[in-house]
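Everything below concerns the one structure shown next.
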Amino acid sequence: MTTLIPILGDQLSPDISSLRGADPAGCVLLMMEVAAEARYVRHHRRKLAYVLSAMRHHALALRRAGWTVDYVRLDDPDNTGSFTGEVERAAKRHKAKRIVVTEAGEWRVKEMLDGWGALLGVPVEVREDGRFVASHEDFRRWADTRPDLVMEFFYRDQRRRTGLLMDGDEPEGGRWNYDRENRRPGRRDLFTPRPPRFPADRVTRDVIELVRERFPDLQGSLNDWDLAVTRADAERARDWFLDHALAGFGAYQDAMVTGEPLLWHGRLSGYINSGLLDPLELCRQVEARYRAGCAPLNSAEGFIRQIIGWREYMRGTYWRAGPVYIEQNYLRAERPLPAFYWTGATHMNCLAQTVQQTWALSYAHHIQRLMILGNFAMLIGADPKTVHAWYMEVYFDAYEWVTLPNVVGMSQYGDGGLLGSKPYAASGAYIDRMSDYCQGCRYDPAERVGDRACPFNALYWDFLDRHRTKEAVGGNPRLAPAYLNWDRKQASEREVIRARAATLLARLDGAAEADKASTA
Ligand code: FAD
Ligand code: DLZ
Ligand code: SF4
């Protein structure tokens with residue numbers, strides 16, 4: 001009796017739940033490269049090549065481990081182009097009596113999996129993904145007992161659940177959170193560690209060629225390949241992070257420096273989300289470095305909070321909020337994203353740098369995503385769904401369960417504060433403090449009005465003014481000091497700021513109209 005076990009492209013873990021208890025003699029593992037997944041967003045070509053190469057390498061590793069793997073390539077002439085079509089074909093090919101699969105990472109694919117039983121007439125067992133500390137039930141139980149879903153309290157439960165950085169019942173060092181110590185600004189003269197590079201092997205070179213040929217309409221650099229695509233290389237990237245970057249991770253977590261995409265970040269998110277690295281094991285290794293005196297507590301705690309706190313909180317929120325979450329638009333924002341999000345052609349240096357880096361590497365770190373790209377999109381009133389689609393396109397770690405709450409919730413405040421306690425809106429002063437971008441910019445972060453004034457400034461004040469009547473903004477106690485500052489300005493100054501913002505927004509709308517006309 002053959003059991004068919006589909007392994008999806010983000011399930012590249014040897015101990016994925018669908019394999020638990022399986023007997024290699026009675027199972028066929030199915031891996032499918034399908035056009036529908038390659039096309040459901042306009043993926044960055046590097047992301048596409050990363051996913052396909054990691055899948056091919058994982059299939060080789062599974063075969064070496066004794067599994068029978070039926071691997072369907074994108075260019076297989078009989079490939080139907082969808083998960084369901086390929087599972088149907090494989091079920092017939094192998095006369096499958098049963099299908100076992102680990103749950104999908106997004107609503108869209110969950111619906112497919114839920115339909116397989118009825119379609120194929122064989123029992124389908126969908127197993128929970130065990131690669132998270134909190135199960136769906138754990139998160140639901142936590143959330144159902146809370147009036148508001150504050151991440152910090154979820155995180156503390158996760159620390160207790162895992163025992164990470166605990167001293168008995170108390171947090172290591174006496175505090176749960178060392179974020180206050182994690183705000184050192186970026187400077188050009190920092191001696192940053194050099195990240196490892198993983199040149200393309202034969203499998204990756206084939207995939208790069210395939211992506212170039214099959215997806216000429218997609219954009220994103222495939223040059224200077226540097227991503228890990230095997231578990232062994234992902235572990236090398238992890239070891240580099242632990243040995244060279246973790247110690248500085250905390251202090252410089254929010255810093256941004258021209259030409260330094262990683263600084264002390266690990267760029268491990270893509271490997272974790274694909275299944276090449278185990279998040280809990282990684283956290284235990286981080287804790288061990290702290291306990292061995294190789295990393296300060298603010299770094300270890302900061303990193304562990306991102307993984308067992310933010311990452312799991314995002315996932316819990318995604319599944320709890322339901323498929324309607326993508327429609328949330330509390331601020332009623334409707335603008336398209338400016339074309340420079342695809343080209344980097346803007347005089348705003350912070351945006352030009354982060355957009356160009358994104359299209360070169362398929363990577364940007366958290367503060368670039370949140371406080372440059374996301375902040376600007378929110379200030380101009382970009383439609384959160386469109387913004388989400390852009391983030392899904394560009395980053396090699398993007399999967400809806402994690403991208404959607406980060407974009408629509410955290411970054412665009414589309415859920416009106418379900419997930420974050422205030423909109424992450426900031427003026428040029430913040431970017432100037434945390435980065436060196438303003439030094440190379442034609443605009444001045446200290447000016448609010450006039451042609452040389454940093455656009456973030458007028459847009460920031462205008463954003464607050466525009467949304468004042470919305471309870472979760474105007475009535476938000478965390479924004480009270482900002483509104484106090486706004487109210488203290490002379491009425492005439494407020495008018496000039498509003499006019500400057502209106503000019504900037506009209507210029508964006510004009511550029512969008514011109515784009516539309518030229519492509520019509
Ligand atoms: P580091 O700073 O070195 O490490 C921290 C690790 O913690 C990451 O590897 C990641 O696994 C985890 N982490 C940190 N913050 C978050 C968070 N908010 N949500 C989930 N995990 C977190 N992360 C994704 O994995 N995929 C996405 O598509 C994604 N989209 C984002 C969109 C926006 C608008 C924002 C603000 C954040 C997004 N993030 C996303 C979270 C975070 O920015 C990335 O995980 C991080 O930048 C990855 O780089 P790194 O591995 O070098 O991070
Ligand atoms: C992102 C992606 C892409 C581009 N291609 C494939 C693919 O061809 N085959 C596959 O199994 N997975 C792919 N993925 C990852 C899936 O989109 C991801 O596994 C689903 O969204 C389920 O969460
Ligand atoms: Fe960005 Fe303004 Fe600084 Fe220019 S001056 S880099 S637009 S924050």
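When a ligand or atom number is given, it counts from 1 through the structure's own listing order. Computation of the quantities below employed the complete heavy-atom set of this structure, encompassing side-chain atoms and omitting hydrogens, waters and symmetry-equivalent molecules.
- The two atoms that bring Ile308 and Thr162 nearest to each other are CD1-OG1, 4.1 Å, heavy atoms only.
- For the pair Gly105 and ligand 2, the shortest N or O to N or O distance falls below 3.5 Å.
- Side-chain polar atoms of Asn273 and Arg311 form a donor-acceptor pair below 3.5 angstrom.
- Residues Tyr50 and Arg46 bring no donor and acceptor atom of their side chains to less than 3.5 Å of each other.
- Side-chain contact annotation: Ser13 with Arg131, donor-acceptor N/O pair under 3.5 Å present.
- For Tyr363, the heavy-atom gap to ligand 1 drops under 4.0 angstrom.
- Taking the ring centre of Tyr271 as origin, the terminal cationic atom of Arg238 falls outside the region bounded by 6.0 Å and 45° from the ring axis.
- For Val34, a nitrogen or oxygen atom sits less than 3.5 Å from a nitrogen or oxygen atom of ligand 2, counting backbone and side chain alike.
- Residue contacts with ligand 2: Val109 is placed with no nitrogen or oxygen under 3.5 Å of a nitrogen or oxygen of the ligand (distance criterion only).
- With His265, Gln253, Met371 as candidates, the residue nearest to atom 1 (P) of ligand 1 on a non-hydrogen basis is His265.
- Heavy atoms from both the backbone and the side chain of Asp397 come within less than 4.0 Å of ligand 1.
- Checked by atom type, the side-chain pair Glu33/Asn79 shows no donor-acceptor distance below 3.5 Å.
- Those atoms of ligand 2 with a heavy atom of His43 less than 4.0 angstrom away are 4 (C).
- The backbone and the side chain of Ala398 each have at least one atom closer than 4.0 Å to an atom of ligand 1 (non-hydrogen atoms only).
- Contact between Phe249 and ligand 1 is present, with at least one heavy atom of the residue lying under 4.0 Å from the ligand.
- The option from Asn406, Asn273, Asp254 that lies nearest to atom 19 (N) of ligand 1, judged by heavy atoms, is Asn406.
- Within the protein, the N, O or S atoms sitting under 2.8 Å from atom 2 (Fe) of ligand 3 are Cys454 SG.
- Considering both main-chain and side-chain atoms, Leu268 comes within under 3.5 Å of ligand 1 through a nitrogen or oxygen pair.
- An N or O contact shorter than 3.5 Å is missing between Val402 and ligand 1 by distance.
- Remark: minimum distance from atom 2 (C) of ligand 2 to any protein heavy atom is reached at Val51 CG1, 3.7 Å.
- With distances taken over non-hydrogen atoms, the option nearest atom 47 (O) of ligand 1 out of Met392, Glu312, Met151, His366 is His366.
- Closest protein heavy atom to atom 5 (N) of ligand 2: Glu37 CB, 3.4 Å.
- Of the options Gln368, Arg369, Arg311, the smallest heavy-atom separation from atom 46 (C) of ligand 1 is shown by Arg369.
- Within ligand 1, counting atoms from 1 as listed, the ones closer than 4.0 Å to a heavy atom of Thr403 are 27 (C), 28 (O).
- Judged purely by distance below 3.5 Å, without hydrogens or angles, the side chains of Glu106 and Tyr40 pair a donor atom with an acceptor atom.
- Applying the 6.0 Å contact sphere to CG of Asp451 captures no more than 12 heavy atoms from other residues, nucleotides or ligands.
- The shortest N/O to N/O separation between Lys47 and ligand 2 does not fall below 3.5 Å.
- Heavy atoms of Ala364 found under 4.0 angstrom from ligand 1 belong exclusively to the backbone.
- Using a 3.5 Å distance cut-off with no hydrogens or angles, the side chains of Trp359 and Ser221 do not pair a donor with an acceptor.
- At least one heavy atom of Phe83 sits less than 4.0 Å from an atom of ligand 2.
- At a heavy-atom cutoff of 4.0 Å, ligand 1 is contacted by both the backbone and the side chain of Gln306.
- Under 3.5 Å, the side chains of Arg433 and Ser435 contain no donor-acceptor pair of N or O atoms.
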May I have the step-by-step check of side chain to side chain contact (heavy atoms under 4.5 Å, CB included) for Tyr341 and Phe376, ending in yes or no? CA-CA 11 Å; Tyr341 273 72; Phe376 189 79; 3.7 Å; yes
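- The distance criterion of under 3.5 Å between nitrogen or oxygen atoms is met by Gly9 with respect to ligand 2.
- Which of Tyr395, Tyr424, Trp310 comes nearest to atom 16 (C) of ligand 1 through a heavy atom is settled by distance: it is Trp310.
- With ligand atoms numbered from 1 in the order given, ligand 1 contributes 36 (C) to contacts under 4.0 Å with heavy atoms of Leu370.
- No hydrogens or angles considered: nothing links the side chains of Asp129 and Thr102 as a donor-acceptor pair under 3.5 Å.
- On a distance-only criterion, Asp10 and ligand 2 share at least one N/O pair closer than 3.5 Å.
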